[in-house]
Amino acid sequence: MRLTINGETRDLDAATVAEALAALGLGDARVATALDGTFVPAALRAATPLTAGCALEIVAPMQGG
Amino acid sequence: MPVFYGTTVDSPLMLGTAQYPSPAILAAAFRASGAGVATVSLRREAGGGQDFLRLMQGLGVRLLPNTAGCHTVREAVTTAHMARELLGTDWIKLEVIGHTDLLAPDVFALVDAARELSAQGFKVFPYCTEDLSVCGRLLDAGCEVLMPWGAPIGSGLGLNNPHGLTALRAAFPDVPLVVDAGIGLPSHAARAMEMGFDAVLLNTAVARAGDPVAMARAMALAVDAGRAARAADPIESRDMAVPSTPVIGKAFLA
C-alpha cells in the first residue's frame with residue numbers, strides 16, 4: 001500500500017499502524033504515532049487500519065528547548 | 001524551590017536540550033547546571049530518538065516535553081497526547097506559535113489549547129507573554145503555572161519588559177511563574193529571580209556558549225544568587241544619593 005510516512009511516500013506491506021511499525025523495524029521502539037493528524041495510542045495501533053494515501057507520523061523524543 | 005502542580009523540583013533552573021555541540025557536552029552541562037527539569041521535543045523518528053531518550057533518562061532530571069513549532073490548537077493537542085504516551089508524563093510545555101519571525105505565542109490559540117488539554121488531564125506549562133489579561137485567561141483555562149517570555153526565543157536579549165514582568169509577579173503572587181525564553185546571560189537569570197520569579201527556563205544561552213558546561217555552572221550560580229537576594233528583601237532603588245557613611249561626627253576641616 002502506498003502511504004506517506006513522516007513526509008515520505010512509501011510502499012509498505014502493512015494493513016494497520018502496528019504492522020507499519022513492524023515493517024519499518026520500529027515494533028519495539030519508543031515512538032508515538034498519529035494518522036492523518038489524529039493521535040493513535042499504542043493500544044489502538046493493531047486495530048487502526050491504514051488506507052491508501054494516508055499520512056502516518058512516527059515521532060520520538062528529541063532535542064528541544 | 002519551585003513547586004509545579006504539587007511537585008517540588010530540585011532547582012529553579014530549567015534547561016533545554018537543543019543545540020549542544022555533542023551529547024556528551026549536553027550531559028556535562030546538565031550536571032554542571034544542577035537543573036531539575038529538561039525540556040524535550042517530539043520529532044520524526046529518524047534513528048536518533050532512542051539513544052537520545054536513553055541519554056536523558058540517565059541524567060536524573062524530570063522531562064518536560066514541548067509542542068515547539070506547533071501553530072494550531074490541533075497540532076499542539078495531538079503533540080501533547082503523543083508526548084504523554086511516550087514519556088509517561090502529563091506535563092506539557094505548551095507552545096502555539098503565532099508569529100514566525102518573533103516566535104511569539106498566538107495567545108488566543110494558546111488559551112484554547114490550554115483549556116482543551118487541562119480538561120484532558122494535562123498539567124500545562126504555557127509559553128506566553130507577560131500580558132495580565134492573557135495570563136488571567138490561562139489560569140481560568142486550568143493552568144497552574146505561567147511561563148512568560150523574557151524576550152524572543154534564542155535572542156539572548158534578556159528581560160525586554162521588566163516592568164510588565166514585575167506587574168505580573170505582583171498580580172499573581174501565588175502562581176508559580178517561570179521566565180521562559182530570551183535569557184542570554186547569567187545576569188538576566190539572576191534578575192528574573194530577584195524579581196520573584198520561581199524559575200527560569202533557558203537553552204540557547206548555555207548550548208551556544210563557547211563553553212556550554214562553564215556557562216551552565218554560571219547560570220546555576222546566578223539563579224541561586226537571585227533567589228537568595230529575593231529572600232533577603234532587596235532595598236528599593238531611588239533617584240538621588242543617600243550617604244551610606246554617617247554625616248554626624250565628620251571632622252570640620254574646611
Side-chain angles (χ1 to χ4, degrees), chain A, chain B residues 14-20 23 26 38-57 63-69 72 74-75 77-89 93 95 103 120 127 153-154 180-181 183 201-208:
Chain A
M1 186 184 310
R2 176 156 294 193
L3 59 161
T4 304
I5 297 176
N6 284 351
E8 288 184 24
T9 304
R10 299 278 296 264
D11 283 305
L12 213 60
D13 184 19
T16 65
V17 172
E19 288 179 18
L21 288 176
L24 293 164
L26 293 171
D28 297 323
R30 289 275 298 272
V31 293
T33 51
L35 188 61
D36 291 329
T38 299
F39 171 56
V40 180
L44 297 182
R45 287 175 192 161
T48 303
L50 301 172
T51 54
C54 66
L56 179 63
E57 294 285 337
I58 305 167
V59 300
M62 296 293 284
Q63 292 82 354
Chain B
M14 302 160 72
L15 198 54
T17 57
Q19 306 184 77
Y20 292 82
L26 183 158
T39 53
V40 300
S41 69
L42 292 193
R43 289 293 179 261
R44 289 169 166 171
E45 173 59 294
Q50 310 303 304
D51 286 345
F52 177 70
L53 183 57
R54 273 190 290 275
L55 172 72
M56 292 312 301
Q57 287 175 332
L63 299 183
L64 174 60
N66 68 27
T67 64
T72 66
R74 183 167 190 239
E75 277 183 294
V77 168
T78 299
T79 301
H81 278 279
M82 290 195 288
R84 180 160 69 178
E85 180 183 87
L86 205 42
L87 296 168
T89 178
K93 175 183 165 179
E95 293 185 33
L103 296 177
Q120 294 169 1
Y127 162 64
I153 294 170
D180 174 15
I183 287 174
L201 200 177
L202 56 94
N203 187 158
T204 307
V206 165
R208 304 289 286 178

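Letters go in sequence order (proteins before strands), and every chain restarts at 1.
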Donor-acceptor check, side chain of A/Arg30 to backbone of B/Leu86, threshold 3.5 angstrom: yes or no?
yes
Taking every heavy-atom pair that is under 4.5 Å apart, which of B/Ala18, B/Ser41, B/Gly16, B/Ala181 has the most such pairs with chain A?
B/Ser41
Say whether, by atom type as modelled, one donor and one acceptor occur between the side chain of B/Asn66 and the main chain of A/Gly65 under 3.5 angstrom.
yes
Heavy atoms only: give me the nearest B/Asn203-A/Gly64 pair and the separation to one decimal.
OD1-O, 3.5 Å
Judged by atom type as modelled, is there a donor-acceptor pair below 3.5 Å linking the side chain of B/Thr78 to the main-chain atoms of A/Phe39?
no
Within the distance-only criterion (no hydrogens, no angle test), does the side chain of B/Arg44 pair as donor or acceptor with the backbone N or O of A/Asn6 below 3.5 angstrom?
yes
Between A/Pro61 and B/Leu53, the two heavy atoms sitting closest are CG-CD1, 3.8 Å
Most contacts with chain A, counted as non-hydrogen pairs under 4.5 angstrom, among B/Glu75, B/Lys93, B/Arg84, B/Met82:
B/Met82
Mind checking whether A/Thr38 and B/Arg74 have side chains closer than 4.5 Å, heavy atoms only?
yes
How would you list all residue pairs meeting side chain to side chain donor-acceptor pair (under 3.5 Å) that involve residues 45-55 of chain A, not counting sequence neighbours?
A/Thr33-A/Arg45, A/Arg45-B/Glu85
Is it the case that over 12 heavy atoms from other parts of the model lie below 6.0 angstrom from the CG atom of A/Asp11?
yes
Under 4.5 Å between any side-chain heavy atoms of B/Gln50 and A/Val31, yes or no?
yes
Please look at B/Glu95 and chain A and tell me whether the side chain, the backbone, both or neither of the residue comes under 4.5 angstrom of a heavy atom of that chain.
side chain
Side-chain heavy atoms of B/Glu45 within contact of A/Leu26, under 4.5 Å
yes
So CE of A/Met62 and OG1 of B/Thr17: to nearest 0.5 Å the spacing works out to 9.5 Å
Mind checking the CG-CD spacing from B/Leu42 to A/Glu57? Nearest 0.5 Å is all I need.
11.5 Å
Check whether more than 12 heavy atoms from other residues, nucleotides or ligands sit under 6.0 Å from atom CZ of B/Arg43, and answer yes or no.
yes
